[in-house]
Amino acid sequence: MIELRPFASLGGERLDWLDTRHHFSFAQYRDPERMGWGALRVWNDDEIAVSTGFPPHPHADMEIITYVRDGAISHEDSLGNKGRTEAGDVQVMSAGTGIRHAEYNRESEPTRIFQIWIVPNRRGGAPGWDTRPFPKADRSGRLIALASGDSADGEALPIRADARVLGARLKAGETIEYAPRPDRHVYLVPATGALDVNGVRIEARDGAAIRDEALLRLAAFEDTDLVLVEAA
């Protein structure tokens with residue numbers, strides 16, 4: 001089963017400083033048919049204007065993964081962490097018992113991100129934050145783990161959830177395959193490009209909610225940068 005969720009069908013809003021689209025119910029967007037996908041609770045497609053951002057605000061009991069598509073995001077939090085994550089790279093915040101953070105675009109161009117929230121395995125735990133680069137060449141023609149709760153994904157940023165966040169860059173005409181574990185929820189979004197997934201065409205920023213597919217065949221119509229979440 002592959003349910004296509006075209007970008008044009010997503011909820012969201014446009015503010016002076018933020019243009020946001022929500023793949024699942026979030027903020028003022030409510031759709032009882034789109035409350036999450038397994039442990040995946042939020043997938044927001046955000047464009048943040050220059051010299052603006054999300055002011056300090058709290059979170060608890062959520063794994064928050066940010067994939068930077070364009071520009072860079074500058075992070076600050078109540079633990080004293082500060083960092084800058086550039087396009088193509090990833091940051092993870094484990095909210096745990098509670099943390100306040102802010103995310104700013106301090107660049108000279110708009111910053112575009114995917115912000116992904118995954119429900120943790122258990123409540124509580126010390127909050128934390130980390131970021132790391134993922135060179136484009138490392139995921140050329142293959143899926144690599146960017147953030148993961150699976151200890152076998154040793155190079156990925158760790159998260160406290162039964163889930164994996166994967167990324168790949170495919171050239172036009174290139175095809176790869178991925179076999180999800182049984183009874184998993186898969187959600188896939190191309191940041192750029194377009195691809196065929198088991199006969200379903202998915203354009204840039206569309207979502208694909210996938211269940212009960214033993215093997216995914218990902219064939220790129222054009223150069224494509226994609227992010228995929230596999231979750232319990």
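Starting from 1, each residue takes its place in the sequence as its number.
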4.5 Å side-chain heavy-atom contact, [X] and [Y]:
X	Y	answer
Thr192	Arg169	no
Asn44	Phe114	no
Ile116	Leu40	yes
Glu13	Tyr29	no
Arg132	Glu155	yes
Asp223	Leu170	no
Ile48	Ile73	yes
Leu166	Val227	no

Modelled atom types, side-chain donor and acceptor of [X] and [Y], under 3.5 Å:
X	Y	value
His75	Arg84	no
Glu230	Tyr178	yes
Gln91	Gln115	no

Checklist entry - Can you tell which of Leu157, Val68, Thr85, Val92 makes a side chain to side chain contact (heavy atoms under 4.5 Å, CB included) with Thr131? => result Thr85
Checklist entry - Testing Ile202, Val197, Leu218 for side chain to side chain contact (heavy atoms under 4.5 Å, CB included) with Pro190, which one passes? => result Ile202
Checklist entry - For the residue pair Trp117 and His59, does the interplanar ring angle fall in the parallel (under 30°), tilted (30 to 60°) or perpendicular (over 60°) class? => result perpendicular
Checklist entry - Under 30°, 30 to 60°, or over 60°: which ring-plane class applies to Trp17 and Phe54, parallel, tilted or perpendicular? => result perpendicular
Measure across [X] and [Y] and return the closest heavy-atom pair with its distance rounded to 0.1 Å.
X	Y	value
Pro120	Ala161	CA-CB, 4.2 Å
Arg41	Ser25	NH1-O, 2.9 Å
Gly38	His185	N-CD2, 3.5 Å
Ala95	Pro127	O-CB, 3.3 Å
Val50	Ser108	CG2-C, 3.7 Å

Using a strict cut-off of less than 4.0 Å between a Lys/Arg side-chain nitrogen and an Asp/Glu carboxylate oxygen, indicate whether [X] and [Y] qualify as a salt bridge.
X	Y	result
Asp77	Arg100	no
Glu3	Arg5	yes
Asp19	Arg21	yes
Glu47	Arg112	yes

Backbone N/O of [Y] and side chain of [X]: donor-acceptor pair under 3.5 Å:
X	Y	value
Asn105	Gly53	no
Trp43	Phe24	no
Thr224	Ala194	yes
Arg106	Ser74	no
Asp196	Arg201	no

Checklist entry - Quick one: CG on Leu4 to CD1 on Ile210, what's the gap to the nearest 0.5 Å? => result 10.0 Å
Do you reckon [X] sits in the same ILVMFWY cluster as [Y], going by side-chain contacts under 4.5 Å, direct or chained?
X	Y	answer
Ile118	Ile144	yes
Val165	Leu228	no
Val200	Leu226	yes

Checklist entry - When you look at Asn198 and Glu213, which way does the side chain to side chain donor-acceptor pair (under 3.5 Å) test go after all the steps? => result CA-CA 9 Å; Asn198 292 9; Glu213 297 281 339; 3.0 Å; yes
Checklist entry - Is it true that the NZ or CZ of Arg139 lies under 6.0 Å from the centre of Phe134's six-membered ring and within 45 degrees of the ring axis? => result no
Checklist entry - Can you list the steps and then say if Arg122 with Glu63 is a salt bridge (Lys or Arg N to Asp or Glu O under 4.0 Å)? => result CA-CA 11 Å; Arg122 58 189 180 277; Glu63 300 298 291; over 6 Å; no
Checklist entry - Run the side chain to side chain contact (heavy atoms under 4.5 Å, CB included) check on Val189 and His23 step by step: do they pass? => result CA-CA 10 Å; Val189 182; His23 287 262; 3.8 Å; yes
Checklist entry - Going through the checks in order, is the side chain to side chain donor-acceptor pair (under 3.5 Å) test met by Asp46 and Thr20? => result CA-CA 4 Å; Asp46 294 335; Thr20 181; 2.6 Å; yes
Checklist entry - For Arg205, what residues pass the side chain to side chain contact (heavy atoms under 4.5 Å, CB included) criterion, not counting sequence neighbours? => result Phe7, Asp45, Arg69
